[in-house]
Every structure is written in C-alpha cells, then in structure tokens.
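Notes follow once the structure below has been shown.
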Amino acid sequence: MVKLERKGGRMAGCIARNSEGKYVRYNTRKGVVVATGGYSQNYPMMEALQPWNLRIIGRNCSMPGVRGDGIRACLWVGAKMDETHSMMMFDRCALRPDQKVGVETAKSGDNGFFWMGSQPWLKVNADGHRFFNESGTYEGILHADEYQKGHCHYTIFDSNWPRYVQQFKQHGCSRLYPFENGVAPNIPWQTVEKTLPGLIEKGFLIKADTIGDLAKGLKLPPEELKKTVARYNELVRKGRDEDYGKEPFRLSPVDKPPFYGAKNCGYILCTMDGIQIDTHMNAIDTEGNPISGLYVVGNDSGSYFANTYPNLVTGMACGRTVTFGRLVGKYLARSKA
Ligand SMILES: Cc1cc2nc3c(=O)[nH]c(=O)nc-3n(C[C@H](O)[C@H](O)[C@H](O)COP(=O)(O)OP(=O)(O)OC[C@H]3O[C@@H](n4cnc5c(N)ncnc54)[C@H](O)[C@@H]3O)c2cc1C
C-alpha cells in the first residue's frame with residue numbers, strides 16, 4: 001500500500017505497488033482496513049513525534065518494514081493521530097560501559113540482548129547511587145533514566161541470582177520460573193544463564209570478584225557503589241526498603257561473589273500511538289467524526305495507549321491487535337456496501 005484514496009468523503013480504495021514495481025489501484029466496496037504495524041523502523045518519524053524515547057534506547061528489536069506507511073496514508077486522507085506519542089520499550093539492552101545510549105548505537109546493531117534487565121535487581125545511576133524503586137514496569141525505569149547522566153542505569157546482581165529470580169515472581173515474558181499454575185515461562189532461567197558468557201565475552205556484562213572491581217569495570221565511582229551496596233544489603237536484612245519502598249519479596253542481597261553488572265538501557269519493540277478510532281475501529285477525522293470506510297487496527301491504531309506500555313497485564317498489544325482485527329472483520333462482513 002502506497003496511498004489511500006478518498007472520493008466524495010468516502011474511502012474509494014488504495015494504490016499499491018506490486019513486486020514488479022508497478023502501481024495497482026484497488027477499489028473498495030465496504031472499506032479499507034489499515035494494519036501496517038506502526039512506525040518503529042522510521043527514525044525521522046520517531047524523532048519528530050517522540051524524541052525523548054529515542055534518547056533512552058540502545059537497540060531496536062521491532063519488525064522489519066514497519067515504516068509508518070499506514071499512519072501517514074490515513075493522515076493524508078484527513079484522519080487524526082493521537083497526541084500522546086509512545087512506544088513499547090523493554091529495559092533489556094546492555095551496552096559496554098563506554099558506549100553511548102541512543103539511536104546511533106541502536107542502528108549499529110552493536111548492543112547486547114540482556115533478558116535479565118527487567119528483574120528488580122539493585123539499579124544505580126552513573127554516580128553509583130540508587131534512584132528508583134526497581135520493582136516497576138519494564139518501561140518505568142527507562143523514563144526515570146531520561147533524567148539521569150548518560151540516560152541509562154546500571155544493574156547489579158550476584159551469583160545467587162537463580163534463587164532470587166524465583167523469589168521475585170515476575171509475570172509476563174520476564175518470568176524465568178514456571179508460573180504458579182504450572183505454565184512454563186517464556187524463557188527459563190537455564191536458557192538465560194547460557195547467554196551470560198557471551199555477554200561477558202563481548203563486554204556487555206561485567207563479572208568481578210569484588211564490588212570495587214565491578215565498579216571499575218562499569219566505570220562507576222567504586223567508593224560510592226560500595227556504600228550503595230552496603231546500604232542496600234542493610235535494607236534487605238531489615239526486610240524493609242526504607243529508601244524506595246520496594247516490596248520485601250523483591251529485595252535480594254548483593255553479597256555472593258562473583259558479582260555481575262551491566263550498563264542498561266531500553267530497546268524498541270513497536271510504536272503504540274496511531275490513528276484515532278471509534279468502537280468499530282473506524283478512523284476519526286480532525287473534527288472528531290468517523291471517516292466513512294476507513295478502519296485501522298494494530299500498531300497503526302490509536303485511542304488505546306498513552307505515554308507508556310503498562311505491562312501489568314501481559315499481551316496488551318498483540319491482544320488488541322488480534323481482537324480488534326477480528327472484530328472489524330465481523331463488523332464489515334455484516335455491514336452492507
Ligand atoms: C520482538 C517483539 C516482541 C513483542 N512482544 C509482545 C508481547 O509480549 N506482548 C504484546 O502484547 N505485544 C508484543 N509485541 C507487540 C506486538 O507484536 C504488536 O503490537 C503486534 O504484532 C502489532 O500487529 P500489527 O498487525 O499492527 O503489526 P505487524 O505484526 O508488524 O504487521 C504489520 C505488517 O504490515 C506490513 N506492512 C508495512 N508497511 C506496509 C505497506 N505499506 N503495505 C503493505 N504492508 C505493509 C509489514 O511488513 C507487516 O507484515 C512484540 C513485538 C515485537 C517486535
């Protein structure tokens with residue numbers, strides 16, 4: 001699809017380019033359903049609409065070919081886009097301590113896939129200080145990183161980590177142990193464990209026998225990190241996070257060498273803002289009225305997410321995509337041309 005066509009206020013169809021490079025016009029009887037997957041591979045569009053999010057990522061894991069074609073085509077025929085722009089980001093990108101967070105690193109492909117980043121480990125800023133309750137959504141800490149030096153945080157854990165990830169009871173894809181109803185996790189801890197040597201070898205994960213050496217490897221101030229770890233271990237012993245209010249079951253000491261640490265930032269999965277729709281997935285124009293015959297689903301559609309991805313319920317994005325896609329199909333099958 002290259003362009004949508006609207007005639008006399010109603011959708012007439014679209015113009016597409018085929019595999020031979022020829023343009024083909026498709027005329028519609030009932031309407032057009034747009035589903036081209038958002039714009040997470042279109043850096044100029046992301047820079048124009050949500051530059052703050054590009055400052056906290058170091059990797060792009062989104063689908064190839066999602067360049068915002070559908071959203072732009074809808075705008076050209078008069079549709080309205082969400083005014084709060086957002087993308088789904090996970091806090092699971094690890095960089096070498098001398099790498100810069102941002103688009104250039106994401107584009108370079110020289111970045112680490114650090115699945116354990118979403119666990120509620122001790123996380124500190126470039127000064128070696130704690131600054132956040134680590135038990136949040138995947139994206140929560142990334143937005144706090146917007147206000148930190150280098151737009152990143154540093155994740156610190158110890159050799160007892162397989163025990164603690166069970167205690168943390170993460171949900172969704174970050175869970176590393178079977179769920180309480182017996183369902184297997186997306187990725188078990190044994191698989192994650194096998195990724196660690198590769199990350200260490202490439203410099204994306206630092207391993208050290210002392211906290212001082214870990215700090216040096218991460219280019220953090222050693223004395224500050226030692227103080228932070230000592231205070232954190234004290235809070236764990238008390239069973240009460242007096243500093244940031246993290247739940248007791250998400251507190252774990254950092255006392256069993258060797259210690260591990262990563263310079264941590266986000267990676268993009270998809271954009272989540274799009275064309276505003278009504279309850280029939282009918283696109284809305286800039287006056288708030290439905291555009292006859294124009295329907296939008298999936299990442300191209302808006303009116304659903306704002307500012308952040310709230311992964312307190314999992315599958316929110318795939319869920320709305322397949323559900324609303326099915327509903328619009330049923331609706332159009334019933335409707336008269
Ligand atoms: C790695 C990864 C993990 C994810 N994990 C989760 C998760 O755990 N839970 C969750 O809820 N969501 C998750 N998501 C998000 C979820 O997958 C998306 O929200 C959902 O797939 C969007 O579906 P879609 O149909 O809008 O887009 P897509 O599935 O991307 O499909 C869009 C299609 O349109 C095609 N296209 C693009 N431009 C054109 C054009 N001009 N003409 C014709 N076709 C075009 C594209 O090639 C693509 O095939 C994840 C996404 C990624 C990338």
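Start at 1 and go down the list; that is how both ligands and their atoms are numbered. None of the values given here were measured: they were computed from a predicted structure.
- For Gln119 and Ser174, the side-chain atoms include no donor-acceptor pair closer than 3.5 Å.
- Between Tyr154 and Gln148, the side chains place no donor N or O within less than 3.5 Å of an acceptor N or O (distance only, hydrogens not considered).
- Residue-level contacts of ligand 1 at the 4.0 Å heavy-atom threshold are Met1, Ala35, Thr36, Gly37, Cys61, Ser62, Met63, Gly65, Val66, Asp69, Met88, Leu269, Cys270, Gly298, Asn299, Tyr309, Gly315, Met316, Ala317, Cys318, Thr321.
- Think of Tyr23 as one node in a network of Ile, Leu, Val, Met, Phe, Trp and Tyr side chains linked at under 4.5 Å; its network also takes in Val2, Ile15.
- Exactly one residue among Lys246, Arg250, Arg130 makes a salt bridge (charged side-chain N to carboxylate O under 4.0 Å, His left out) with Asp241. That residue is Arg130.
- Listed by chain and number, the residues in a ring pair (Phe, Tyr, Trp, His ring centres under 6.0 Å) with Phe131 amount to none (sequence neighbours excluded).
- Counting only residues at least two apart or on different chains, the side chain to side chain donor-acceptor pair (under 3.5 Å) pairs with a member in residues 255-268 are His153-Asn264, Thr155-Asn264.
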